[in-house]
2 protein chains.
Amino acid sequence: MDSVRQLLDSAGIYATPQRLAIGEVLFVGPQHLTADEIYDRVRSRNGGVSRATVYNTLNLFTEKGLLREIFVDAACAFYDTNTRPHYHLYNVDTGELQDMEDDHILEHFARSLPAGTRLKGVDVVVRVGNHG
Amino acid sequence: MDSVRQLLDSAGIYATPQRLAIGEVLFVGPQHLTADEIYDRVRSRNGGVSRATVYNTLNLFTEKGLLREIFVDAACAFYDTNTRPHYHLYNVDTGELQDMEDDHILEHFARSLPAGTRLKGVDVVVRVGNHG
DNA sequence: AGTGGAATTGGACCAGGTCTAAAATGAGGC
DNA sequence: GCCTCATTTTAGACCTGGTCCAATTCCACT
């Protein structure tokens with residue numbers, strides 16, 4: 001139960017009740033959630049957390065490297081608890097997003113797609129910056 | 001000059017003056033533009049095109065496979081005239097987006113980054129669907 | 001207890017992008 | 001040439017995810 005507190009500590013994040021509540025929703029395992037899903041889950045478990053705090057906290061966690069933002073369509077960001085560089089499989093029809101673990105997926109993706117799905121495209125974004 | 005018309009024809013898109021104007025802005029070569037940039041360029045060249053038409057047309061072109069949408073941050077979509085599966089280099093500080101042509105970039109990206117930039121992360125989205 | 005800086009809050013605000021209802025366009029038939 | 005009707009365009013209202021802001025609360029420290 002205190003693993004979330006430790007995680008925040010190790011990232012240099014001051015642990016508040018709200019941040020712990022949000023962390024407990026997020027860091028139960030690898031998952032992809034939207035801000036709204038996170039907001040709903042935190043509320044139904046702990047009650048009082050405002051939308052603004054959820055956004056603040058998600059941005060803070062992202063900045064500190066505990067989360068990664070994924071943009072897969074214009075109208076909603078996913079937050080991924082797996083922060084290693086990795087691949088995603090996005091189903092444009094269902095809106096599902098899942099991790100792909102195969103390191104050679106780029107060579108194989110066409111062969112290894114889930115049954116019943118058809119390839120629509122592959123985008124790789126290598127994110128760089130000028131500092132930090 | 002009529003190559004845009006031919007492109008629209010071959011994609012089964014009825015060629016209107018507005019669509020041709022937008023096509024002429026887009027299909028001059030490989031590039032990444034935002035909807036707003038496209039709107040501005042069309043207006044400064046041809047005048048009368050409404051924002052709604054630009055969005056309609058971009059969606060139509062995307063649907064018909066002439067364009068690809070790229071989501072790289074929450075607040076703005078890029079439209080890429082290169083529709084083959086390929087990689088992008090996004091500079092989080094400048095907002096620049098460029099194509100990467102190296103087919104083995106995933107193995108080499110860490111070594112081949114532009115001078116003065118540092119790796120922030122790699123996201124690969126393999127887009128699939130249940131039909132079509 | 002008192003103080004000051006950080007965190008939280010609700011609500012106003014912002015900006016892409018979509019929707020809608022009305023007007024304009026234009027190809028096909030006459 | 002001109003009607004007709006479906007398609008396209010348009011302006012502006014609208015929606016919605018996300019940010020900003022000023023006011024309040026919290027809490028570590030004295």
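To find a chain, count down the sequence lines: A is the first, B the second, and so on, and within it residues start at 1. Computation of the quantities below employed the complete heavy-atom set of this structure, encompassing side-chain atoms and omitting hydrogens, waters and symmetry-equivalent molecules.
Counting any heavy atom pair closer than 4.0 Å across all strands shown, B:Thr16 reaches sugar-phosphate atoms only and no base atom.
The ring pair (Phe, Tyr, Trp, His ring centres under 6.0 Å) analysis of residues 41-79 of chain B, with sequence neighbours excluded, yields the pairs B:Phe27-B:Phe61. Applying the salt bridge (Lys or Arg N to Asp or Glu O under 4.0 Å) test to residues at least two apart or on different chains, the pairs with a partner in residues 61-82 of chain B are A:Asp123-B:Arg68.
Not a single side-chain hydrogen bond (donor to acceptor under 3.5 Å, both in side chains) links B:Glu37 to another residue, sequence neighbours left out. Contacts of A:Gln31 classified as side-chain hydrogen bond (donor to acceptor under 3.5 Å, both in side chains), with partners at least two apart in sequence or in another chain: none. Residues passing the salt bridge (Lys or Arg N to Asp or Glu O under 4.0 Å) test with B:Arg19, sequence neighbours excluded: none. In this view, B:Arg41 satisfies the salt bridge (Lys or Arg N to Asp or Glu O under 4.0 Å) rule with no residue, not counting sequence neighbours. Judged as a side-chain hydrogen bond (donor to acceptor under 3.5 Å, both in side chains), and not counting sequence neighbours, the contacts of A:Glu96 are A:Thr94. In terms of the salt bridge (Lys or Arg N to Asp or Glu O under 4.0 Å) criterion, A:Arg43 has no residue partners (sequence neighbours excluded). Looking at residues two or more places apart in sequence or on another chain, you find no side-chain hydrogen bond (donor to acceptor under 3.5 Å, both in side chains) involving B:Arg51.
Residues B:Ile70 and B:His32 approach most closely at CD1-CD2, 4.0 Å, considering heavy atoms. Scanning both residues, A:Thr81 and A:Leu67, for their nearest heavy atoms gives CG2-CD2, 3.9 Å.
Close approach of DNA chain C to chain B, defined as any atom under 4.0 Å from a non-hydrogen atom of the protein, starts and stops at C:dG16 to C:dA27.
Here the C1' atom of nucleotide D:dT8 and the CG atom of B:Leu60 are 11 Å apart, to the nearest Å. To the nearest angstrom, C1' of D:dG17 lies 11 Å from CG of A:Asp73. Taking atom OH on B:Tyr39 and atom P on D:dA11, their separation rounds to 8 Å, with Å as the unit.
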Pairwise N/O distances under 3.5 Å, protein to nucleotides 19-22 of chain D:
residue : atom : partner : partner atom : Å
D:dT19  : OP2  : A:Asn59 : ND2          : 3.4

Could you go over nucleotides 26-30 of chain D and give all protein N or O partners under 3.5 Å, atom names and distances?
residue : atom : partner : partner atom : Å
D:dA28  : OP1  : A:Tyr14 : OH           : 3.4

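Comparing A:Phe71 and B:Thr57 by the nucleotide of DNA chain D whose heavy atom lies nearest to each, the residue mapping closer to the 5' end is B:Thr57.
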